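Step one of this worksheet: look at the structure below.
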Amino acid sequence: VWNASDEALLAGYATGDPDAAVVFVRRFQSKVVGLALLITRDPTEAEEVAQDAFVRAWRYAASYDPRRGAVGGWLLGITRNVALDRVRMVDRRPLKLVSDPPFDALIDPADDAGDTAGRHDDLARVAASLRALPVEQRQALVSVTLLGLSAREYADGAGVPLGTAKTRIRLGLRKLRERLGVVAE
Amino acid sequence: VNAPDCSEVRELAAELALDLLTGAERAAALAHLAGCPGCRAEVASLTDVGEAVLGLASDAQPSVGFETRVVSRITAIRDAPPPDPDGEARAGVPLTEAQPIGAPPPASPTSSGDQRWSLGRRGALVVAAAVVAGVVGIGAGLVASQDGSSQGDGGRDAGTEDTGGDEVAADLRTGDGEVVGRATLRDRGDDPALVTVEMGDWVTRLRGYGNSAAHSYWLTVDAGGERDVYALPVTENGPWHVTLDGVEQARAVTAVAVVDETGHTWCGARFSARSG
């Protein structure tokens with residue numbers, strides 16, 4: 001079961017089998033907690049969000065469609081939603097994006113990623129494509145995805161009008177799709 | 001908001017994919033997607049791109065035993081009595097017609113044990129543990145608070161509303177402050193108090209969330225410093241009448257909220273300004 005594919009592992013997880021569940025959670029927990037931490041900016045909250053995300057993923061496992069995206073991306077999408085549900089209820093301190101952009105660190109996958117897993121190749125490709133975007137579009141996209149900001153929060157943090165922020169998000173996401181070669185069916 | 005056409009929805013596709021829209025704009029766009037495969041595919045492909053970016057989050061390790069805690073929660077939910085079929089079988093309510101505020105209470109559900117649709121206490125407690133684990137720590141911030149607007153100002157549309165000596169009503173709000181329904185608390189003297197929850201079309205949004213109909217929802221009732229949990233069968237459109245067996249006095253009820261089994265609070269109402 002340790003070598004099972006992500007999809008097979010998810011199928012086992014969906015049944016609620018404790019052994020499969022432990023393996024599934026261990027495989028993805030560091031990414032899930034990492035993303036939750038970026039959005040909540042609080043380790044305790046992040047772990048609660050991560051727990052909720054795994055429970056929600058278990059609930060929704062039947063709705064996972066392998067033709068669309070990888071299990072990891074699907075799970076991280078759920079994690080982001082859970083984290084946003086939570087942070088939108090409370091006042092997070094605003095981020096000053098101009099003076100404190102953590103973006104380059106964020107989009108640099110760990111260098112020890114040079115192992116065999118194709119997963120890392122995919123990540124490197126996403127990182128490279130993101131890097132190739134104009135800086136303000138990259139900043140906008142990272143803000144509203146990895147950092148969990150709303151368009152308004154990003155606009156305020158970057159000191160630009162809301163309309164400009166939205167344009168950057170729209171252009172950036174479309175351009176990234178082009179670079180990654182994802183085709184709208 | 002008028003029904004948007006394809007070009008307007010394509011314009012919003014990135015924000016839809018990244019879940020950055022709210023309120024009426026989001027609802028109108030989603031309604032369009034429901035009937036437009038082309039726009040749906042456009043949003044889906046952008047969603048994939050957004051999810052790919054999420055993979056760039058740097059790793060962080062949870063505390064020791066994290067996976068065991070997740071598995072315990074799943075096992076607890078899985079082994080809890082199935083809320084929907086069981087809850088409905090005991091129900092008698094939900095009613096299909098809204099009970100107008102101020103109308104006489106429905107036929108007393110206490111005449112037969114089968115008429116109560118709150119879960120057996122034991123069943124409720126098992127789930128309560130799972131639910132509260134997610135809810136505690138967020139606290140009242142999740143439950144939209146009403147600021148006592150009924151105290152003599154007669155504002156019928158605002159906040160908590162004192163509709164009579166034995167009944168109060170309050171808006172159900174999401175964390176964003178959007179009003180999505182109404183909760184009414186009725187004091188019935190020696191009979192257990194009754195909460196009526198009405199969410200109108202918003203129930204369909206609850207049902208549609210995450211494309212899963214298997215989701216279960218619960219009504220939490222805060223009273224006298226304790227929290228009771230009742231099954232809320234959203235397979236029906238409601239409104240629901242919930243008999244508060246566990247509450248001594250209706251006036252002890254401070255808040256109700258709709259939560260799911262992950263502990264996420266969807267909306268809530270606070271009863272803050274009652275006379276007497």
Side-chain angles (χ1 to χ4, degrees), chain A residues 16 18 21-22 25-26 29-31 33-35 37-38 46-48 50-52 54-56 58-60 62-63 68-69 72-74 76-77 80-82 84-86 88-90 106-107 109 123 126-127 130 141-142 144-146 150-151 166 169-170 173-174 176-177 180 182-185, chain B residues 11-15 17-22 37-38 41-63 66-71 73-75 77-79 130 133-134 137-138 141-142 175-176 210-212 214-216 260-266:
Chain A
V22 164
V25 173
R26 281 197 186 135
Q29 63 184 16
S30 59
K31 270 291 179 219
V33 174
L35 178 62
L37 187 59
L38 276 177
E47 195 158 319
E48 287 173 9
Q51 269 202 36
D52 288 355
F54 276 111
V55 172
R56 203 177 277 190
W58 170 68
R59 273 283 178 196
Y60 293 164
S63 74
R68 283 204 43 221
W74 172 79
L76 290 173
R80 175 175 175 268
N81 287 340
V82 173
L84 289 182
D85 284 347
R86 187 167 294 216
R88 281 174 184 167
M89 306 282 180
V90 298
L106 278 175
I107 60 175
L123 274 186
V126 175
L130 198 54
L141 272 189
V142 169
V144 298
T145 54
L146 289 164
S150 66
K166 289 184 169 183
I169 293 164
R170 290 170 190 172
L173 193 61
R174 288 222 165 81
L176 190 59
R177 178 172 64 180
L180 289 173
V182 178
V183 191
E185 287 153 32
Chain B
E11 185 74 15
L12 295 172
E15 288 153 83
L18 300 174
D19 201 15
L20 297 173
L21 293 180
T22 55
E42 169 73 4
V43 172
S45 77
L46 289 171
T47 303
D48 290 348
V49 177
E51 286 178 355
V53 174
L54 297 180
L56 297 175
S58 33
D59 289 0
Q61 296 307 322
S63 57
F66 176 80
E67 67 273 33
T68 313
R69 290 190 291 279
V70 172
V71 172
R73 276 183 65 183
I74 289 171
T75 309
I77 296 169
R78 194 191 54 181
D79 295 345
I138 313 167
L142 279 184
D176 292 338
N211 305 318
S212 170
H215 222 45
S216 62
D260 67 24
E261 77 279 5
T262 69
H264 172 59
T265 300
W266 289 89

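Throughout, protein chains are lettered first and strands after them, A, B, ... in sequence-line order, and every chain is numbered starting at 1. Just so we're clear, the structure is a prediction, and the values are computed from it rather than from any experiment.
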Test side-chain contact (heavy atoms from CB on, under 4.5 Å) on Arg73(B) and Trp58(A) and set out the steps.
-> CA-CA 11 Å; Arg73(B) 276 183 65 183; Trp58(A) 170 68; over 6 Å; no
Which residues pass the salt bridge (Lys or Arg N to Asp or Glu O under 4.0 Å) test with Glu15(B), sequence neighbours left out?
-> Lys166(A), Arg170(A)
Search all heavy atoms of [X] against all heavy atoms of [Y] and return the closest pair with its distance.
| X | Y | result |
| --- | --- | --- |
| Gly34(A) | Ala57(B) | C-CB, 4.3 Å |
| Leu76(A) | Leu54(B) | O-CD1, 3.4 Å |
| Leu173(A) | Ala17(B) | CD2-CB, 4.4 Å |

Proximity breakdown for Ser63(B) and chain A, heavy-atom pairs closer than 4.5 Å = both
Structural part of Val53(B) lying under 4.5 Å from a heavy atom of chain A =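 Interface part for Val53(B): both.
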Begin with the C-alpha distance, continue with both residues' side-chain angles, and end with the deciding distance and a verdict on side-chain contact (heavy atoms from CB on, under 4.5 Å) for Thr68(B) and Val22(A).
-> CA-CA 7 Å; Thr68(B) 313; Val22(A) 164; 5.8 Å; no
Please determine, among Ala21(A), Gly72(A), Gly16(A), the option with the most heavy-atom pairs under 4.5 Å with chain B.
->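 Most heavy-atom pairs within the cutoff with chain B belong to Gly16(A).
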In plain terms, say whether Asp48(B) and Arg177(A) are close enough for a salt bridge, that is, a side-chain N and a carboxylate O under 4.0 Å apart.
->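 No.
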Ion pair Glu51(B)/Arg80(A), N-O distance below 4.0 Å |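 No, this pair does not count.
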Residues that Ala13(B) engages under side chain to side chain contact (heavy atoms under 4.5 Å, CB included), provided they are two or more places apart = Arg174(A), Glu42(B), Val43(B), Leu46(B)
Take Gln61(B) and Val33(A), measure what side-chain contact (heavy atoms from CB on, under 4.5 Å) needs, and give me the verdict at the end.
-> CA-CA 7 Å; Gln61(B) 296 307 322; Val33(A) 174; over 6 Å; no
Evaluate the criterion side-chain contact (heavy atoms from CB on, under 4.5 Å) for residue pair Ile77(B) and Arg59(A); output intermediate values, then yes/no.
-> CA-CA 10 Å; Ile77(B) 296 169; Arg59(A) 273 283 178 196; 3.1 Å; yes
Atom group of Leu37(A) that falls short of 4.5 Å from chain B, counting heavy atoms =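 Only the side chain of Leu37(A) comes within 4.5 Å of chain B.
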Euclidean distance, [Y] [atom2] relative to [X] [atom1], rounded to 0.5 Å:
| X | Y | atom1 | atom2 | answer |
| --- | --- | --- | --- | --- |
| Leu141(A) | Leu56(B) | CG | CG | 11.0 Å |
| Arg26(A) | Phe66(B) | CZ | CZ | 12.0 Å |
| Thr145(A) | Asp19(B) | OG1 | CG | 12.5 Å |

Donor-acceptor under 3.5 Å (Lys31(A) side chain, Ser58(B) main chain) | no
Pairs of heavy atoms under 4.5 Å with chain A: top-ranked of Pro62(B), Ala44(B), Ala14(B) | Pro62(B)
